[in-house]
Amino acid sequence: MNSPTPRHGLLALSPLLVFTVLYLATSIAAGDFYRVPITVAFLATSVYAVAISRGPLQQRIEVFSRGAGASQMMLMMWIFILAGAFANSAKMMGSIDATVNLTLSVLPAQAILAGLFLAACFVSLSIGTSVGTIVALTPIAAGVAAQTGASVPMLVAAVVGGSFFGDNLSFISDTTIIATQTQGCRLSDKFRVNSFIVIPAAVVVLALYVVLGQDISSPHSVAEVQAVKVLPYLVVLVTAIFGMNVMAVLTLGILLTGVIGLLTGSFADVFEWMQAMGQGIVGMGELIVVTMLAGGLLEVIKHNGGIDYIIRLLTLRIRGRRGAELAIAALVSMVNLCTANNTVSIITVGGIAHQIGEKYGLDPRKCASLLDTFSCAVQGLIPYGAQLLMAAGLAAVNPLDILPSLCYPVAIGIAALLAIIFRYPRRYSGSDGNGQP
């Protein structure tokens with residue numbers, strides 16, 4: 001495909017503006033983020049994107065359908081279906097209540113917010129995936145909020161933020177692996193540079209959550225912990241930490257809820273268990289529809305040259321190492337906005353980032369760190385990303401309700417930007433193009 005002209009490039013990107021106006025602007029104007037259904041906003045934007053595309057209508061629809069049915073989209077939908085079945089069967093069996101009661105009996109109320117953030121950091125670092133962490137911990141966060149009267153979006157935001165700690169740093173995270181492969185550096189080296197940038201941010205966020213958590217009051221009474229009903233969540237966490245595939249983990253969790261629920265009498269029979277699973281799957285319907293529409297919409301934007309236009313625009317006037325690093329950060333951030341997938345965004349711009357790094361003498365270890373960190377920061381803040389959609393679906397809140405409390409993605413974005421501006425860490429930043437540090 002030829003490089004898109006400014007006119008065609010802006011037209012290709014215009015669906016993002018249409019979506020913003022339809023969903024965000026109208027919701028803000030109405031003073032109610034539930035007034036405009038996100039499915040309707042995505043549907044209208046998708047129709048617009050197909051309408052402005054060139055070529056026969058059938059071909060344009062096929063491009064949209066290819067994106068909606070892409071393998072990554074299908075994988076996400078499988079996870080959503082299994083997560084819905086597990087979350088609701090665990091809830092109906094009493095697993096969530098038991099886990100919440102155990103959490104409240106172990107942690108003082110004032111430490112719950114910081115404790116959830118730390119737990120999400122640890123789990124995500126162990127399993128290398130933000131989605132798996134969110135699936136495991138979000139129902140617990142929502143249950144704790146219900147018991148303590150704390151804000152559901154705030155506790156869920158702590159889980160979502162902590163989930164990106166491991167997504168960004170873990171040795172087995174797909175973003176880490178791809179970032180190091182495209183830049184030609186070792187995982188351990190990228191981890192070292194990344195740690196200098198994001199661990200101070202994590203410490204600041206943890207301290208902030210300690211302060212914010214002081215307002216959480218203890219529940220009047222905590223029910224007796226039924227230890228056997230905690231087992232499904234415990235098994236899900238342990239098997240995920242040991243690297244089991246997230247779909248296998250969720251399937252195992254579903255089977256455990258059924259077995260324990262039937263043995264303890266929580267389910268009268270196998271049909272009640274199946275009904276619980278079915279209700280959970282149906283509850284994920286909106287999330288699945290949004291995922292399909294978003295995948296198709298973003299594929300149309302890519303097909304029309306929107307991503308190529310962003311890349312060409314941001315690499316026109318690079319000046320010095322600082323400018324080169326800023327260009328890499330802007331590239332991966334913009335592409336992530338268009339693809340709603342941090343792994344895909346790194347794959348898309350990784351080769352270009354490597355070329356920029358070689359031309360301007362950038363350290364590949366820092367390039368890999370910047371790619372991963374900025375992609376995670378953006379992914380954690382887009383309401384149509386899989387992580388926020390999943391968390392919102394499991395907690396029964398609007399994705400935009402979670403955004404104001406999402407401290408960690410903002411913190412690592414700021415930390416990475418400061419690392420570029422102030423040439424930090426020094427050892428991996430070199431001097432600017434003018435010989436300045």
Side-chain angles (χ1 to χ4, degrees), residues 1-25 38 41-73 76 175 178 182 290-318 326-356 371 374-386 388-389 413:
M1 178 182 290
N2 295 328
S3 297
T5 64
R7 178 186 173 188
H8 289 148
L10 291 174
L11 184 63
L13 293 172
S14 64
L16 294 178
L17 178 62
V18 171
F19 175 77
T20 302
V21 172
L22 275 177
Y23 188 55
L24 296 182
I38 191 170
F42 264 113
L43 176 61
T45 307
S46 298
V47 171
Y48 168 79
V50 171
I52 65 169
S53 300
R54 289 174 290 181
L57 179 59
Q58 182 62 33
Q59 183 184 24
R60 288 179 271 165
I61 294 174
E62 287 176 359
V63 171
F64 181 90
S65 301
R66 184 171 66 242
S71 58
Q72 288 181 327
M73 295 295 123
M76 278 196 289
T175 58
I178 294 168
T182 58
V290 167
T291 301
M292 291 181 65
L293 290 174
L297 172 64
L298 298 170
E299 180 65 24
V300 171
I301 292 173
K302 179 181 178 181
H303 178 78
N304 289 341
I307 292 178
D308 288 339
Y309 176 69
I310 290 172
I311 291 172
R312 189 167 63 88
L313 190 66
L314 293 177
T315 55
L316 280 177
R317 296 182 178 87
I318 297 176
L326 286 171
I328 290 173
L331 273 174
V332 75
S333 299
M334 290 296 294
V335 172
N336 206 120
L337 284 172
C338 293
T339 61
N341 188 306
N342 48 345
T343 302
V344 172
S345 65
I346 295 173
I347 292 172
T348 303
V349 306
I352 298 169
H354 184 63
Q355 293 175 19
I356 293 173
L371 281 171
F374 276 101
S375 69
C376 284
V378 172
Q379 185 69 20
L381 294 171
I382 50 177
Y384 50 91
L388 270 177
L389 287 174

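Excluded from the calculations below are hydrogen atoms, water molecules and symmetry mates; all remaining heavy atoms, backbone and side chain alike, are included.
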Quick one: [atom1] on [X] to [atom2] on [Y], what's the gap to the nearest 0.5 Å?
X	Y	atom1	atom2	value
Q58	S65	CD	OG	8.0 Å
S53	I301	OG	CD1	9.5 Å
I356	L326	CD1	CG	11.0 Å
N304	R54	CG	CZ	7.0 Å
I328	F374	CD1	CZ	10.5 Å
L43	Y48	CG	OH	15.5 Å

I'd like to check the ring-ring contact (aromatic ring centres under 6.0 Å, His included) partners of F19; sequence neighbours left out, ordered by chain and number.
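F19 satisfies ring-ring contact (aromatic ring centres under 6.0 Å, His included) with Y23, F42, Y384 once adjacent residues are dropped.
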Compare all side-chain heavy atoms of [X] with those of [Y] and state whether any distance is below 4.5 angstrom.
X	Y	result
T45	L22	yes
L293	F64	yes
L331	L371	no

Does any N or O in the side chain of S14 come within less than 3.5 Å of the main-chain N or O of L11, such that one atom is a donor and the other an acceptor?
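Yes.
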Can you check whether A340's main-chain N or O pairs, donor with acceptor, with Q379's side chain at less than 3.5 Å?
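A pair under 3.5 Å: yes.
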With sequence neighbours left out, what residues match T343 under side-chain contact (heavy atoms from CB on, under 4.5 Å)?
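T343: side-chain contact (heavy atoms from CB on, under 4.5 Å) contacts with D174, T175, I178, N341, I347.
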Taking only residues two or more places apart in sequence, or in another chain, which ones meet V63 in a side-chain contact (heavy atoms from CB on, under 4.5 Å)?
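For V63, the residues satisfying side-chain contact (heavy atoms from CB on, under 4.5 Å) (neighbours in sequence not counted) are R66, E299, V300, H303.
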Just checking, is any N or O donor in the side chain of N336 or S345 under 3.5 Å from an acceptor N or O on the other one?
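Checked: N336/S345 side chains pair up, N/O donor to acceptor below 3.5 Å.
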If you look at every heavy atom in [X] and [Y], which pair is closest and at what distance?
X	Y	result
S46	L297	OG-CB, 4.0 Å
L388	G380	CD1-O, 3.8 Å
A49	P15	CB-CG, 3.8 Å

Output, in order, the C-alpha distance, side-chain angles, deciding distance and verdict of side chain to side chain contact (heavy atoms under 4.5 Å, CB included) for N342 and V378.
CA-CA 8 Å; N342 48 345; V378 172; over 6 Å; no
Could you give me the CA-CA distance, side-chain angles and deciding distance for H354 and T182, then say whether side chain to side chain contact (heavy atoms under 4.5 Å, CB included) is met?
CA-CA 7 Å; H354 184 63; T182 58; 5.8 Å; no
